[in-house]
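These notes concern the structure reproduced below.
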Amino acid sequence: MKLSNTQLLQHLIFIDNKWVDSASNKFFDVNDPATGEKIISVADGGEADVLKAIEAASAAFEIWKSKTPKERSGLMKKWFTLIIENIDDLALLLTTEQGKPLAEAKGEIQYGASFIEWYAEECRRVYGEVIPSPVNDRRFITIKQPIGVVGAITPWNFPVAMIARKIAPAMAAGCTIVLKPSEFTPLCALALAQLAMDAGIPAGVLNIVPTTDAKAIGKILTTHDAVKKISFTGSTQTGRLLMQQSASTVKKLSLELGGNAPVIIFEDADIDGAVKGTLASKYRNAGQTCVCANRIFLHSSISGEFIEKYTAAVKQLKVGNGTDHQTQIGPLINSKAIEKVEKLMKDALHKGARLVTGGKRNALGELFYEPTIIDNCNSGMQLSNEEIFGPVSAIFQFNSDEEVVEMANNTIYGLAAYFFTSHVNRAWKIAEALEYGMIGINEGIISFAEAPFGGLKQSGYGKEGSFYGIDEYVVTKYLCFGGMS
Ligand code: SIN
């Protein structure tokens, strides 16, 4: 991998704007999922390192929160500009450690940077309120203040965007951060830290501790008294554990957890639009997104036409190394991920699913899986209750609105749902009936910095992005002025 800005390839822990070794002096390898080759060894942080990071973030909080929103905004805008200036290097780094095609990686950098730009603007509008008092001698107002040190834990599927979506509102609000990135994709996180330092973000505002011991670091972040807030994206199982651990210090949490997104194609849908939207939702990042189509429900009267057109489109998808400009589907992240897809496929086929296309690993390498479609799926199959997190479209059929709403809601998850219809009355009713935090109507891509991202039910709580997102990082204080008569 040849970067123009060689400073972007870092491999140490980032504390107080310094690159430091881990206290244990241990390292772990970061590998390219497309080739299996080692990219670099990264310092493996442990308890002593994360404690140092929390100390640095606590000291920096006093300085950072005292800056005016306009000052914070200016520094964040510089950071945004540097990210965009380095977009080609960052995209190459992202593709090399995560696998997604270069064009998607570039899209992710723009998407991630847009949170920094948006919150650099939004921090100047964190308003309190004047509340009409019920008594003449008192006046009520509320003010919003930064909550304090934030512990952020981020996943490997969007190694830039998920970090930016947490750090940007936290920083904008006046908080400081200790981040634990995924051990599979720490390099983008470290590159972002280098650019934050270059932009002039003060020491200690952002600290990053890569580690292979997620449990130990998570335990410290969730139980340390100086950490006032945890923001986590990952599995529901880990989210439950972080909640339990955070109870000891009554910490505020934002949790973006698992999904099981339904895509519903009604009989009145524009079928070409539905094919395009479903394809975009399902095969983005090789199906490794929390909001991607997990169950595709077709009205029985249009299922033949949809499957024919959808299959033709899926067969066109080009599998390959993400650094090849033709590639649309890269490798999965690791062997555990591909084994899970194989397990779900085996179970579905055993229980009566029909293979339409794909259904096996690609000859390119052990982490490449063919874009796949299966139909005749039913709720007894494991993939009906679990995230597939791979390039497999699972097709179910339905005959009425009531039936499909029940099928779609029959899950513990409630992150994103999508449906396609040309009737506005149906659109309102179905949107209201679906138990999901985000709904795409005649659209498969719904994520933007300006929009609130977040789930219901066991997909977690708290919003990321939009003006709602900054509220997760402030406390609202009520001031009562007396003796006014
Ligand atoms: C995710 O997979 O959690 C993020 C996807 C997105 O932001 O669209």
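Note that ligands are numbered from 1 as they come in the structure, with each ligand's atoms numbered from 1 the same way. No hydrogens, no waters, no symmetry mates; every other heavy atom, side chains included, goes into these values.
Checking only distances, Arg284 does come within under 3.5 Å of ligand 1, N or O to N or O.
Atom CD of Glu121 sits in a crowded spot, with more than 12 heavy atoms from other residues, nucleotides or ligands closer than 6.0 Å.
One option in Cys290, Ala449, Gly455, Pro155 has a heavy atom closer to atom 2 (O) of ligand 1 than any other, and that option is Cys290.
Look at Arg361 and Glu342 and you find a salt bridge, because one of the NZ, NE, NH1 or NH2 atoms lies within 4.0 Å of a carboxylate O, short of that distance. Note on Lys336 versus Glu339: no salt bridge recorded, every NZ/NE/NH1/NH2 to OD/OE distance being 4.0 Å or above.
Of all atoms in ligand 1, numbered sequentially from 1 with element shown, those under 4.0 Å from a heavy atom of Glu256 are 3 (O). Those atoms of ligand 1 with a heavy atom of Met162 less than 4.0 angstrom away are 4 (C), 7 (O). In summary, the atoms of ligand 1 found under 4.0 Å from a heavy atom of Thr289, numbered by their order in the structure, are 2 (O). Taking every heavy atom of Tyr111 and a limit of under 4.0 angstrom, the matching atoms of ligand 1 come to 6 (C), 7 (O), 8 (O).
Results of the salt bridge (Lys or Arg N to Asp or Glu O under 4.0 Å) test with Asp471 over Lys463, Lys229, Lys252, Lys144 single out Lys144 as the only residue that passes. Asn285 pairs in a side chain to side chain donor-acceptor pair (under 3.5 Å) with only one of the listed residues (Gln98, Glu108, Glu104), which is Gln98.
Side-chain contact check for Leu192 versus Leu206: every heavy-atom pair is 4.5 Å or farther apart.
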Problem set entry | Pair Phe266-Phe398, ring pair (Phe, Tyr, Trp, His ring centres under 6.0 Å): steps then yes or no | CA-CA 9 Å; Phe266 289 100; Phe398 70 94; 5.7 Å; yes

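Under 4.0 angstrom from ligand 1, the non-hydrogen atoms of Ser447 all belong to its side chain. Neither the backbone nor the side chain of Ile446 comes within contact range of ligand 1; no heavy atom lies under 4.0 Å.
The protein heavy-atom contact nearest to atom 5 (C) of ligand 1 is Phe158 CE1, 3.7 Å.
Judged by the shortest distance from any of its heavy atoms, Arg165 lies inside the 4.0 Å radius around the atoms of ligand 1.
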